[in-house]
Enquirer: 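One structure is given below, represented as structure tokens, and several questions about it will come after.
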Amino acid sequence: MPRVRIVVCVKHVPDIQSERALGPDRRVVRDGGDGTLNELDENALEAALSIAEARDDAEVVVLTVGPDDAVDAVRKGLQMGADEAVHVVDDAIAGSDVIGTARVLAAAVQHVGDVDLVVTGMAGLDGLTSLLPTALAQLLDLPALPLAAELTVDGGTVRVRRNLDHATEVLEASLPALVSVTDQANEPRYPNFKGIMAARKKQVTTLTLADLGVDASTVGAAGARTEVVDAAARPPRENRVLLTDEGDAGLRLAAYLVEQKLV
Amino acid sequence: MTTTAPVLVLLDHTPDGALRGPVREVVTLARELAGNAGVLGVWAADAELGADVLADLGALGVTRVHRLVADADTHLSAVLAEALEQALAAAGAGLLLTVSSFENKEAAARVALATGAGVVTDADGLEVVDGRYVASKTVFAGTWNTRCAVTAPVAVVTVKANAVQASPAAAPVATEVVDLAVTVSAVARRVTLVERVERPASGRPDLGSAHVVVAGGRGTEGDFSPVEDLADALGAAVGATRVATDEGWIGHDAQIGQTGVTISPRLYVGAGVSGAVHHRGGMQASGTIVAVNSDPDAPIFEIADFGVVGDLFTVLPQAAAELRRLKG
Ligand SMILES: Cc1cc2nc3c(=O)[nH]c(=O)nc-3n(C[C@H](O)[C@H](O)[C@H](O)COP(=O)(O)OP(=O)(O)OC[C@H]3O[C@@H](n4cnc5c(N)ncnc54)[C@H](O)[C@@H]3O)c2cc1C
Ligand SMILES: Nc1ncnc2c1ncn2[C@@H]1O[C@H](COP(=O)(O)O)[C@@H](O)[C@H]1O
């Protein structure tokens, strides 16, 4: 079987179990020390690693675009079993919207070169836009097979089953291609001791926009086509009622719904 | 303030040609924004555009529908995106609105890239401020409210269900239908849609757009009958946590949450649901939140407007019976 080269895009995001916030600059606070590998990208890594394991000659490169701390995300990928890591970091990337991030990732995938398959998670748990995978595919001129709940790569063909709001679909394309995988696709592995030790010897390549030949004015706040103009924590809900059932809670619930004009 | 260029709305429909519920809400929003510039629709011609739908669109104020006759399957995002780009150009529109769904977001990302538009997903409101579109949306599992301005000349915005209430125009208009023949590029054809199976309608409202949702979790122990009973008394959709769908107690399409359906109904009732952050991510923006849980320390009580510490197997049937009695 010919060699396959897989790039997995992973994002470093604020831990969803932590108190997440937007700063005075209306950007996601990313340096509170509460950052972590986007949980949904573990499914992307798992998918890539299991495809690679089924081949004699496969290579998995884990890629992130983000500030200094984001290196943790690719390190976790190396610990899970990826062969190489690329971290694109540049002050000019700050404030990128999805189009800007897609531009940088596309340039990085091209820099890695000879890529047969790009795998992403279904969404970043910070913005939850799910826009990036298709945007990246379009920039790389690759067929996109998003939201894989099942994924198979057979020879040069990739096939995906996906569950949408109103339908189930099966999509197929020839490699090279891009897939995004959902949390239904697999059960991500935990890095084991061997993996953690091996990862210490693996190299993380750090790249800047200049290394990638990306024009800084097309990314970051400079290139963004959207701008957050207001952000505020949602005020706590008022007039909350908490009661313990003493035999009539169902009646009281019904009365509440009627009183609130919800029925 | 209103805009000067027409607003284009993607008219999502079922395979037999009925408008999907939230489309009427999005058209209403478009009409409020468009003022005299006009609201135009795009209809993928995989289903027939019937006279009843046209009358409905006319009542909502849609002056023209571009009927996409494409030479490839518009269910593929690359095909739909190219068709929408052509429709945007034909309509001379400055804003494309769609219902927020995974499929529409895939197309939105592509249209934005191809046209230089700015894109905002999951908006729950949209206005024109100083000539720019400004969308409101909640982030971080409904814990923050933000407003996001589109700085590019063209905007693509996907709108959450229940963000606005659908209403007819002051006076109905005659809706003109214009066919738009679309030839898509070879690139857009590189994905094959091997199979697409529509999910049969459940007889209850659609989860993603329902005004009222009753959700069950592990606490149901697999018996969803009290959840369904209350849902029917309320005319609600039935939802679930991932635990319940993973256990096979109900279909995966019922999963509410970060990796399932995002909902913002007027009323959400969670029964036997702990309120894990993954679940909250999909429902915390709901209008009123009711929780029934036997554990007083369950995290869902932190966000509930009306919380009952109690057994769902007694509280839900009692509430359902009482609601039916009150309705008479
Ligand atoms: C990557 C990832 C993505 C995920 N995505 C989602 C998602 O999209 N949606 C989602 O829901 N989850 C998701 N999860 C799972 C999530 O973390 C929780 O495990 C899940 O939401 C918990 O479901 P639950 O509330 O039904 O179960 P539990 O947390 O076990 O809670 C059950 C509750 O029922 C109560 N109870 C028990 N018996 C009764 C009774 N008789 N009457 C009343 N109350 C009773 C208990 O007190 C308890 O609070 C995801 C997890 C991961 C790792
Ligand atoms: N900055 C980034 N670096 C690497 N991958 C990313 C980045 N942002 C998004 N992704 C990938 O794109 C997926 C979807 O993200 P999003 O469209 O932002 O919800 C994620 O699961 C990641 O795989």
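Chain identifiers are assigned alphabetically (A, B, ...) following the order of the sequence lines, protein sequences preceding nucleic acid strands; residue numbering begins at 1 within each chain. No experiment lies behind these values; they were computed from the predicted model shown.
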Enquirer: Looking at every non-hydrogen atom in both residues, tell me the closest pair between A:D116 and A:V4 and how far apart they are.
Expert: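 Looking at all heavy atoms of both residues, the closest pair is OD2-CA, 3.1 Å.
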
Enquirer: Counting only non-hydrogen atoms closer than 4.5 Å, does B:V308 touch chain A with its backbone (N, CA, C, O), its side chain (CB onward), both, or neither?
Expert: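 Contact with chain A: backbone and side chain both.
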
Enquirer: Considering only heavy atoms, which portion of B:V290 lies under 4.5 Å from any heavy atom of chain A: side chain, backbone, both, or neither?
Expert: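 The answer is the side chain of B:V290.
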
Enquirer: Does the pair A:R161/B:E195 count as a salt bridge with the N-to-O cut at 4.0 Å?
Expert: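 A salt bridge links A:R161 with B:E195.
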
Enquirer: Between A:V263, A:L40, A:D141, who has the most heavy-atom pairs with chain B when the cutoff is under 4.5 Å?
Expert: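 Of the candidates given, the most pairs with chain B belong to A:D141.
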
Enquirer: Under a 4.5 Å heavy-atom cut-off, does chain A meet the side chain of B:V187, its backbone, both or neither?
Expert: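 Side chain only.
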
Enquirer: Which answer fits B:A112, side chain, backbone, both or neither, if we ask what part of it has an atom under 4.5 Å from a heavy atom of chain A?
Expert: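 Contact with chain A: backbone and side chain both.
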
Enquirer: Can you name the one residue among A:Q260, A:R237, A:R240 that meets side-chain hydrogen bond (donor to acceptor under 3.5 Å, both in side chains) with B:D305?
Expert: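 Output: one option passes, namely A:R237.
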
Enquirer: Which members of residues 95-108 of chain A, sorted by number, sit under 4.5 angstrom from chain B on a heavy-atom basis?
Expert: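 At a heavy-atom separation under 4.5 Å, chain B is reached by A:V98, A:I99.
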
Enquirer: Less than 4.0 angstrom from a charged side-chain N to a carboxylate O is my criterion; do B:R20 and B:D206 meet it?
Expert: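 Looking at B:D206 together with B:R20, the answer is no, because their closest N to O distance does not fall below 4.0 Å.
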
Enquirer: Among B:L207, B:I303, B:D122, which residue forms the greatest number of heavy-atom pairs with chain A at distances under 4.5 Å?
Expert: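 Top count of heavy-atom pairs under 4.5 Å with chain A: B:I303.
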
Enquirer: Below 4.5 Å from any heavy atom of chain B, which atoms of A:V160 appear? Answer side chain, backbone, both or neither.
Expert: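 Neither part.
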
Enquirer: Under 4.5 Å from any heavy atom of chain B, what part of A:A135 do you find: side chain, backbone, both or neither?
Expert: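 Both parts, backbone and side chain.
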
Enquirer: Anything in residues 253-264 of chain B with a heavy-atom distance to chain A below 4.5 Å? Please list those residues in order.
Expert: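 Within residues 253-264 of chain B, the residues that come under 4.5 Å of chain A (heavy atoms only) are B:Q255, B:Q258, B:T259.
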
Enquirer: Between B:R242 and chain A, which part of the residue has a heavy atom less than 4.5 Å away: side chain, backbone, both or neither?
Expert: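 It is the side chain, since no backbone atom gets that close.
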
Enquirer: At a heavy-atom separation under 4.5 Å, does B:R189 approach chain A through its side chain, its backbone, both, or neither?
Expert: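 Neither part.
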
